[in-house]
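Since the structure comes first, as structure tokens, the remarks are kept for the end.
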Amino acid sequence: MSLSVVILAAGKGTRMKSALPKVLHKISGKPMIYHIIKEALKISEDVTVVLGHEAEAVKDVIKRYFENVKFHIQDLKNFPGTGGALKELKTKSDKVLILNGDMPLITADELKSFVVLKADIVMSVIELENPSGYGRVIIKDGKVVKIVEQKDATKEELETKTVNAGVYLIKREILEEFLPKLSNENAQKEYYLTDIITLANQKGYTIKPLYVKEEDFKGVNSKLDLAHAEEIMQDRIKNELMLNGVIIRLPKTVFIEEGVKFEGECEIESGVVIKGDSFIKNSHIKANSVIEESHIEYCTIGPMARIRPGSFLKDTHIGNFVEVKKSKLLGVKAGHLSYLGDSEIDEGTNIGAGTITCNYDGKSKYKTVIGKNVFVGSDTQLVAPVKIEDDVIIAAGTTVTKDVPKGSLAISRTPLKIVKDFYYKFFNK
Ligand code: UD1
Ligand code: CA
């Protein structure tokens, strides 16, 4: 199938009330535009994104994820609007599927259904109880006659509950014929892509409406829409994981970003957040833990633990209020209240409550390396850079400031003093 896809993403997104371009706002950890490009690439190799507002910033983000996407820069000053976006754009195929860049929930399967219909133009429509904000679609005898924007609509047209969802399949020759004829004589002084539909109808082209699901074609225009879209995307991600064998307790309370991978038997308790390209295998993540961009296999984590980016944990137990950052833990137990940053800790080692790797001296970060079968007593500070070899005991309350050789005891303690009957003297009892 020869098809070109064009994604419109040049607008500012004023209603988002944000300095960040609209299409870069994230849903499930990835920019909105990422989700739509990912689906578009499943149906066509020729995908062009139209950029304008903050073009370079948006382009840089897209390039981080995709290599084979083309870009077209819109002349926003002279030709603003969704019609202006397509001026000067050359597409490879004679069928062009045009999408708004603010529809992160559409799927490749839904996009395919546009191509199946026989017509000069196929456009997406939704029936809405509350059509406010959308362009209204006037349909007569099953054919689209006209699209009128809310701001330009007459009172009667505003009553129409059939709206334009913002996806169109248009023959290239029709675009070439009518793009030069668009005018900006409307409420927003913009060149509307939707006017092409009206003009094409007047010329006798057939325009079929394709009724689509509101949930999947919803445009994100505000941060309220963003939150609604997030809920839908989260449901999709977690439903798929559960169908693939992951146990998720109270899924509505769990947040899992796009890109997180699971393998084997995993259980995720309520309130858990898992971000980035994390990988989790045969592990149990207990309530209210946060995992970012980390690799975890055969572990129990939490409740209330935080595993920060760059961590690699295997056969390890992490208990409550333990924070791990950029560390490699292999067969370790850290049950309570610790900070393990920039560290490497080996098999059989036990980290006592209140252990802290002091990895930062105010200027640079340093590493802590701990060998096998080390017993780190409670309330130990490990001042990095420092290395503890295998089979070491570190006494509770020790501040370790130099390397500890294999088999030793390390202890630093102020001697304990006991003053007899001090209490009674002090309180005069
Ligand atoms: C548009 C449609 C409206 C439809 C709605 C569906 C027009 C004139 N109106 O309105 O009928 O109901 O989508 O969601 O097309 N963009 C550009 N260049 C621009 C302006 C916008 O590329 O100059 C991009 C935006 O980045 C965005 C998309 O086009 O991704 C839609 O723009 P937006 O301003 O959200 O259009 P709506 O007012 O929602
Ligand atoms: Ca929109």
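Whatever order the structure lists them in is the order used to number ligands and atoms, beginning at 1. All residue numbers refer to positions in the sequence shown, counting from 1.
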Going by heavy atoms, is Ala9 under 4.0 Å from ligand 1? yes
Is the shortest N/O to N/O distance between Thr194 and ligand 1 below 3.5 Å? no
According to ring-ring contact (aromatic ring centres under 6.0 Å, His included), who are the partners of Phe66, at least two apart in sequence or on a separate chain? Tyr34
The ring-ring contact (aromatic ring centres under 6.0 Å, His included) partners of Phe321 (sequence neighbours excluded) come to none
From Met16, Gln74, Met32 - option closest to atom 18 (N) of ligand 1 by heavy atom: Gln74
Arg136 to ligand 1, any heavy atom closer than 4.0 Å: no
Looking only at distance, does Gly133 have an N or O less than 3.5 Å from an N or O of ligand 1? no
Using heavy atoms and a threshold below 4.0 Å, how should the contact between Lys22 and ligand 1 be classified: side chain, backbone, both, or neither? side chain
Checking heavy-atom distances from atom 38 (O) of ligand 1 to each of Gln188, Lys12, Arg15, Lys151, the winner is Arg15
Classify the contact between Glu149 and ligand 1 as side chain, backbone, both or neither, using a heavy-atom distance cut-off of under 4.0 Å. side chain
Looking at non-hydrogen atoms alone, which of Asn164, Leu51, Val58 comes nearest to atom 12 (O) of ligand 1? Asn164
Gly52 near ligand 1, heavy-atom distance under 4.0 Å? no
If I apply the N/O under 3.5 Å rule, does Asn100 come out as touching ligand 1? yes
Any N/O pair Thr82/ligand 1 closer than 3.5 Å: yes
Just to be sure I'm reading this right: ignoring hydrogens, which of Ile196, Leu99, Ile197, Asp102 gets closest to atom 35 (O) of ligand 1? Compare them by their nearest heavy atoms. Asp102
Tell me, please: is Leu76 in heavy-atom contact with ligand 1, that is, under 4.0 Å? yes
Relative to ligand 1, is Glu190 under 4.0 angstrom through side chain, backbone, both or neither, heavy atoms considered? neither
Quick check: Gly81 and ligand 1, any N/O pair under 3.5 Å apart? yes
